[in-house]
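Below you'll find the structure, written out as structure tokens, and then a few comments.
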2 protein chains.
Amino acid sequence: MAVTIRDIAKQADVSVATVSRAINSATRNQVREETRRKIFEIIKKCNYSPDQTARSLSTRRTKVLGLCMPSRASAFSSDYFTGIIIGAIESARKLGYELKIVLLSETTKGLDVSEVSKPSAIDGALLVGTRIHDELIAVFENSDIPWILVNNYPENKEKTNFVDCDNEKGAYNVVNYLLGKGHRKIAFIKGPEDSRNANDRFAGYTKALKKNGIKPDKLLIKTGNFTEKEGYLAVHDLLSDHNDITAIFCADDEMAVGALQAVKDKGLSCPEDISIIGFDDIRLSRYVDPPLTTVRQPIYEIGKIAAQMLIYVVEGKLTAPVSKILQTELVERNSCAPAAQK
Amino acid sequence: MAVTIRDIAKQADVSVATVSRAINSATRNQVREETRRKIFEIIKKCNYSPDQTARSLSTRRTKVLGLCMPSRASAFSSDYFTGIIIGAIESARKLGYELKIVLLSETTKGLDVSEVSKPSAIDGALLVGTRIHDELIAVFENSDIPWILVNNYPENKEKTNFVDCDNEKGAYNVVNYLLGKGHRKIAFIKGPEDSRNANDRFAGYTKALKKNGIKPDKLLIKTGNFTEKEGYLAVHDLLSDHNDITAIFCADDEMAVGALQAVKDKGLSCPEDISIIGFDDIRLSRYVDPPLTTVRQPIYEIGKIAAQMLIYVVEGKLTAPVSKILQTELVERNSCAPAAQK
DNA sequence: CTGAAAGCGCTTACAG
DNA sequence: CTGAAAGCGCTTACAG
């Protein structure tokens, strides 16, 4: 930008201070109507726009939020990624903020001065990724910018900002739903061990089973690490060893898609022989055959609320810790049927 | 950051200039080994990290790229969005840059000083969206930051930076492929009029037909605006009026997915009665029934190369205009069969 | 190899 | 309602 506030001031025959006051909404009314008009005329003529960097340096506010996530971006499905980003960016925008995507290196321990991936020049950070581990959080604890956990929550819920959905309850509901259809042999395909979400979903499964007098059977529990491929493998194994399973609950849709294929490859059909249910409601789930019954997470909402809350704490309109837990919704499609008699 | 370069300087008993030199790779070797070591020791101890905003103000470089796209984000499928972002962010990162996502308001004409969506504090802009129109481009023309068109190209190719894939050729190949399978009545479902990509794909269709002595038949051409729903509608109409069509080429996969459903709903089957082919190779395309034959655009590569090129021109390592056209790839799945005898 | 000083383009007490 | 001045935290000629 060749044209600076000085140029405007000179042309308007006022001081830069006055131009600055005229420009900023908080101080706008401190300048005489007429002066302000003159200033804006010149601003328009010169196509002037204040330098955000200079502004930031002087106010110590960048008006940008960092959406920080693991660099293994592949860890997220694009539906998830997009949902969070769009949600966050839209509410940020509404509140006058921009959004920077920052990839965190997994080895973020001793951050070096030259460490590029270190979030810089942001007013607050959205920490995305259910597998965000404590060291990573520590990096932010030692910073002086506010941050909020997205789709995750900390050990000590009372001290941290977060927004998440109720994974345990979502999973609990699934099992009840399956139980209601007469299923008793319900297998579970777990997500990764280090994912809070994955563990909560598993907890919901176990809880619902126990509540109904069914002892969770270790042999019916496998791990699929949230990927389609591993989901396929897990179910393939499962069905090779057990022929009395009537339903499979996968901790995410990716695995459920794999499960579906594994069931077909075993010569069984879904939902007639085996019911399958997923979690997340990714776009794909409604297109597979049969369309997948699953649990919807309000991803977009989560991104939106997280950004909003974060900005409020950045601006002191809300005092940390703040948190919100959103509810999930069971969406019935065609991959579940009443338990067959075996 | 409570600790500044002054604190470090004071503790190291040197000037801030020296600290600055020690920190920056370009000037690092201007400071005595021993001094530098002492400085870094203190930096580490104090957990100091330079303020990027101050740095930017003084160097007039923010080290951030803006990925600018229409605010109707829904215009993009999440696969596309994610591909471009991840591609761009990874190469940006490798080169020491961060990525800011900026939503451009569609009404970006007279940008007001307070206009939030105006890209600010960026060194360069990636303009994403095949529907980017000239007014939008004008906003950037008048700025002094470099920009590059992604998946789009300008009227005057000789004057602008862009990276795109060869849509016309991709479409041309599709038609040849279909022709090779004996199809003669090949319908085309167009994308939006104001999309350069869409028009190029259409041009490729027409060209291939003509080249083979077939006159494009207006009655076999419909518009679907790149959405599944409109694709469905277009094909539904098409099949109601014509029963001699043996193949449908959709200008994107979204429409192809809709087309597939329309064909089924008409009691026809794909590929036995009608072959369908899409464009883009979104994730979904391999999961529909039958899996869709389509044209792959190297989205991730496009994002990667675009960011790379942009940074090079920002840094003066490349002089604008720069451009690159990537090739597409026909990926055969099961939605096309030899033309049935009618 | 190092330091003093000017400057990047704003904002904001302070004084009037 | 307005201006002069200090300050935000860096970098970089300039001089030695």
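Labels below follow one simple rule: chain letters A, B, ... track the order of the sequence lines, proteins then strands, and each chain is numbered from 1. Basis for what follows: all heavy atoms, side chains included, without hydrogens, waters or symmetry-related copies.
- For R21(A) and dG3(D), the CZ to P distance is 8 Å, given to the nearest whole Å.
- Results of the side chain to side chain contact (heavy atoms under 4.5 Å, CB included) test with I85(B) over V128(B), L67(B), L126(B) single out L67(B) as the only residue that passes.
- An OP1 or OP2 oxygen of dG3(D) is reached within less than 4.0 angstrom by a side-chain nitrogen or oxygen of T18(A).
- Between R60(A) and dC8(D) there is no side-chain N or O to OP1 or OP2 distance below 4.0 Å.
- Rounded to whole Å, atom C1' of dC10(C) lies 16 Å from atom CZ of R61(A).
- For S20(A), a side-chain nitrogen or oxygen approaches OP1 or OP2 of dT11(C) to under 4.0 Å.
- Side-chain proximity of S58(B) to dT2(D), dG7(D), dG9(D): nearest is dG9(D).
- One interatomic measurement links the two molecules: CZ of R55(A) to C1' of dC10(D), which rounds to 20 Å at whole-angstrom precision.
- A straight line from NZ of K38(B) to P of dC1(C) spans 15 Å, rounded to a whole angstrom.
- To the nearest whole angstrom, the two C1' atoms, one in dT12(C) and one in dG16(C), are 16 Å apart.
- The CD1-P distance, from I39(A) to dT2(D), rounds to 8 Å in whole Å.
- Checking the phosphate oxygens (OP1, OP2) of dT2(D), a side-chain nitrogen or oxygen of T35(A) falls inside 4.0 Å.
- Ion pair E41(A)/K45(A) not flagged as a salt bridge, since none of the NZ, NE, NH1 or NH2 atoms sits closer than 4.0 Å to an Asp/Glu carboxylate oxygen.
- Looking only at atom types and distance, the side chain of E315(B) has a donor-acceptor partner in the side chain of Y97(B) under 3.5 Å away.
- Residue N29(B) is in sugar-phosphate contact alone, with no base atom involved, counting any heavy-atom pair closer than 4.0 Å across all strands shown.
- Using a 4.0 Å cut-off, some side-chain N or O of R32(A) falls inside it from OP1 or OP2 of dT2(D).
- Rounded to a whole Å, the CD atom of Q30(B) is 11 Å from the C1' atom of dA13(D).
- At dG9(C), none of the side-chain N or O atoms of Y48(A) fall inside 4.0 Å of OP1 or OP2 (strictly under the cut-off).
- The V14(B) side chain lies nearest to dG3(C) when the options are dG3(C), dT2(C), dG3(D).
- Using a cut-off of 4.0 Å between Lys/Arg side-chain N and Asp/Glu carboxylate O, E33(B) and R37(B) are scored as salt-bridged.
- With 3.5 Å as the limit, one finds a donor-acceptor pair spanning the side chains of Y300(A) and E90(A).
- In this entry the distance linking CD1 of I5(A) with P of dT12(C) reads 11 Å, nearest Å.
- Rounded to whole angstrom, the span from the CG atom of D51(A) across to the P atom of dC10(C) amounts to 5 Å.
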